Protein chains: 2
Amino acid sequence: MTDQDNGRVKRGQRRGARGPTVADVARLAQVSPMTVSRVVNSDPKVHEATRAKVEKAIAELGYVPNLAARSLAGGRQCRIGLLHSNPSSAYLSEFLVGSNEQANAMGAQLLVEHFEEEASREALAAKLLSHRVDAVLLPPPLSDDGLLLECINRAGLVMAQVATGAPSPLAHAVTIDDEAAAYALTARLTGLGHRRIGFIGGAPNQTASALRRNGYRRALAEAGIDGDRRLETTGDFTFRSGMDCALALLSLDEPPTAIFASNDDMAAATVAAAHRMGLDVPRQLSVCGFDDTASATNVWPELTTARQPVADMAREAVRLLVDSVFDPKARAPRHVRVDFSLVLRASDATLTAPRAG
Amino acid sequence: MTDQDNGRVKRGQRRGARGPTVADVARLAQVSPMTVSRVVNSDPKVHEATRAKVEKAIAELGYVPNLAARSLAGGRQCRIGLLHSNPSSAYLSEFLVGSNEQANAMGAQLLVEHFEEEASREALAAKLLSHRVDAVLLPPPLSDDGLLLECINRAGLVMAQVATGAPSPLAHAVTIDDEAAAYALTARLTGLGHRRIGFIGGAPNQTASALRRNGYRRALAEAGIDGDRRLETTGDFTFRSGMDCALALLSLDEPPTAIFASNDDMAAATVAAAHRMGLDVPRQLSVCGFDDTASATNVWPELTTARQPVADMAREAVRLLVDSVFDPKARAPRHVRVDFSLVLRASDATLTAPRAG
DNA sequence: TGTTGAAATGGTAGCGTTAACGCAGATGAG
DNA sequence: CTCATCTGCGTTAACGCTACCATTTCAACA
């Protein structure tokens, strides 16, 4: 370098007092900026000793890569559109926290967009493209909207369905085993001695609803209980629908001694319905929910339910999407299944005496 | 540099098939890239005709600014740390949607971080700095954490408190008039003929709690009701605490005929407590909540409450923060007050007959 | 008439990072 | 001992945009 920067004030000297850059780290570690970049991106072709030197320098300066520069230089940029219609807000908040966290960690940008189910799917696709979205994240109930999936697929975007009962060949999917969870919960009720167990199903247009119903039926069958179809009702995951179904079930000639609701909101409604009819929960009626959202602990008594790790599922889905966007080889739809767990609280109990008619 | 690039195939020709750039727009509009930039950033010093030409070109090409390049070139970059401890998830989800939207619109990056109230505030400040956060967004209850505010201020970061009862001179603040909202709600109850109105206060460490209590007291006073301090209880905004307070109130020798709870979760608990004691809501007990979160409609009957426009408040707070980060002149703490509204539903009613002891 | 200066526009040099390629030195094959 | 190959690292040129001047135009003013 013949030309020293001998004090002359270059015109564009607009470098503010921002954080250290690769160049600073490189100088300190006595390597080239490129090597620093390699270390930061964990390129395997860096000598161990060099890597250590660089890492030491990084730590010393408290260097943090500049995301803007990275995505500009890398040419790569990942915008994820998160579409939500109206899942329970408890679900959404957990979902948002998880996806936001992962997106930030992976240097992706998250665009949260509300989508009215009545709105035109074509217009949506156009909107996504105009926002330069690369991938779309679909929490329920949108994850089950076949038309929407097709539409987005036609626009050439990668997608991930979260908590769907029917993973599409067009998209990544992250699910729990809904059938097994519903089975486990129902089996718990039969284990407590219940033989007349009511069921409140979720919205029929959500594929997970059917899986939960199947789990319920299998548990009954395995307990040798002859399923009474009058005990099966169908709601739409809202509190209000849960209330209607629960009132109907409890008004039967031979009412159930336990009710399994397909989500916590409907289970909470069931508890409210029981109270409305003067029944004690769990003494006279056991109730189980599903999801373990905030609703589960915002009722009295608190609900026994199946925990769905919503935030983790969102994180996983974002990971799948970002990988797909950055690496075309990772584009083949993958289906990740995460574990659920039973959360035992106070809304269910051993069957004591049949309810006095 | 003596060595010309005499025809040799330039090495780095890595421009992918990405969207149009300022240069493309400039070419089409026959202006310089700089002018395009001015138009995009709505710089006033652009002739009307030029602006129109450029805008036409932009529309024609479907140009969208590259955020990465913008923040890199501008040197400006705004990272907002959103700290949340454990507000109700219904509140959080609305808050997240609003802040995310605004942050994206203004080209800021949102980092959502959970903060345990027991955790060290110093460690947090260090963490924020190491994440290169420029501003901090504080929803309740963190917006009332004085130590936290001081700590963040000491780290030299801009802050915004949302829904605090005591705007700090160190931070921006976005609030509603809690006192007036509580007054309005309580006045509605007195208007319905109630004279024994119970009160369930929020967590004492949240300044809004006191304001709501004041509103309640003022309404009683103006209705000529002699406040009975036994009717005032203190919860902590959780369902469980609401349950405890409600049970205590309803077990008084002379129980109230209406209860005003300082948030919807506690109001929902009050409804549950009433049902538990065999009271009909609203016939035997009127209940009012506060916030209009999802909890308000996830009980039966649905709650009359005061609506706090959480998403709007989050948006406004983000706007204040981003402005402050980009423009030091806008750094002087500002206090924005947004309007609340009363949402009348089914949980309150005219006082009919005094409750049968 | 020349001067001033504000308004409107253009030219250029970066911002911090990485892709693509270059180039030594080490290793292995023939 | 030469040629091909691989390792490890450096050099250069983008990425798309905007800050910082410089320049032009044209009206107002001395």
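Treat the numbers as computed from the prediction; the structure is a model and nothing was measured. In what follows, chains carry the letters A, B, and so on, assigned in the order in which the sequence lines appear, proteins first and then strands, with residues in each chain numbered from 1.
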S.K.: Please determine whether a side-chain nitrogen of the Lys or Arg among A/Arg121 and A/Glu150 lies less than 4.0 Å from a carboxylate oxygen of the Asp or Glu.
M.R.: no
S.K.: Are any non-hydrogen side-chain atoms of A/Lys53 and A/Val39 less than 4.5 angstrom apart?
M.R.: no
S.K.: Tell me the interatomic distance from B/Arg70, atom CZ, to D/dT18, atom C1', rounded to whole angstroms.
M.R.: 10 Å
S.K.: D/dG10 phosphate, OP1 or OP2: any side-chain N/O from A/Thr35 under 4.0 angstrom?
M.R.: yes
S.K.: Rounded to the Å, how far apart are B/Met34 CE and C/dT9 P?
M.R.: 12 Å
S.K.: Distance check needed: D/dA14 C1' versus B/Asn66 CG, whole Å only.
M.R.: 14 Å
S.K.: Over the length of the helix from C/dT1-D/dA30 to C/dG30-D/dC1, how much do the five-pair end axes diverge, rounded to 10 degrees?
M.R.: 40°
S.K.: With the threshold set at under 4.0 Å for non-hydrogen atoms, list the residues of residues 42-58 of chain A touching DNA chain D in residue-number order.
M.R.: A/Lys45, A/Val46, A/His47, A/Thr50
S.K.: Is there a side-chain contact between A/Thr164 and A/Pro167, using heavy atoms and a 4.5 Å cut-off?
M.R.: yes
S.K.: Under a 4.5 Å cut-off applied to non-hydrogen side-chain atoms, are B/Cys78 and B/Met106 in contact?
M.R.: no
S.K.: Hey, could you give me each pair passing salt bridge (charged side-chain N to carboxylate O under 4.0 Å, His left out) that has a residue in residues 65-74 of chain B? Not counting sequence neighbours.
M.R.: none
S.K.: Compare side-chain N and O positions of B/Ser32 against OP1 and OP2 of C/dG10 and report whether any pair is under 4.0 Å apart.
M.R.: yes
S.K.: So do A/Asn153 and A/Leu149 actually touch side chain to side chain, heavy atoms under 4.5 Å?
M.R.: no
S.K.: Quick check on C/dT18: is either OP1 or OP2 less than 4.0 Å from any side-chain nitrogen or oxygen of A/Asn41?
M.R.: yes
S.K.: Does a side-chain heavy-atom distance below 4.5 Å link B/Val158 with B/Leu320?
M.R.: no
S.K.: Would you tell me whether B/His172 and B/Ser324 have side-chain atoms, one donor and one acceptor, within less than 3.5 Å of each other?
M.R.: yes
S.K.: Write down the distance between CG (A/Leu72) and P (C/dT17), rounded to a whole number of angstrom.
M.R.: 12 Å
S.K.: Given atom CD of B/Gln30 and atom C1' of C/dG10, what is their separation to the nearest angstrom?
M.R.: 15 Å
S.K.: Tell me the interatomic distance from B/Arg27, atom CZ, to C/dG11, atom P, rounded to whole angstroms.
M.R.: 13 Å
S.K.: Specify the residue among B/Ala68 and A/Pro33 whose closest nucleotide of DNA chain D lies further upstream toward the 5′ end.
M.R.: A/Pro33
S.K.: Which part of the nucleic acid does B/Val36 contact within heavy-atom distance under 4.0 Å: base, sugar-phosphate only, or nothing?
M.R.: nothing
S.K.: From C-beta outward on A/Val22, which listed nucleotide comes closest to its side chain: D/dC20, C/dG16, C/dC21?
M.R.: C/dG16
S.K.: With a 4.5 Å cut-off on side-chain heavy atoms, are A/Ser143 and A/Val162 touching?
M.R.: no
S.K.: Reckon A/Val40 touches a base, only the sugar-phosphate, or nothing at all at heavy-atom distances under 4.0 Å?
M.R.: nothing
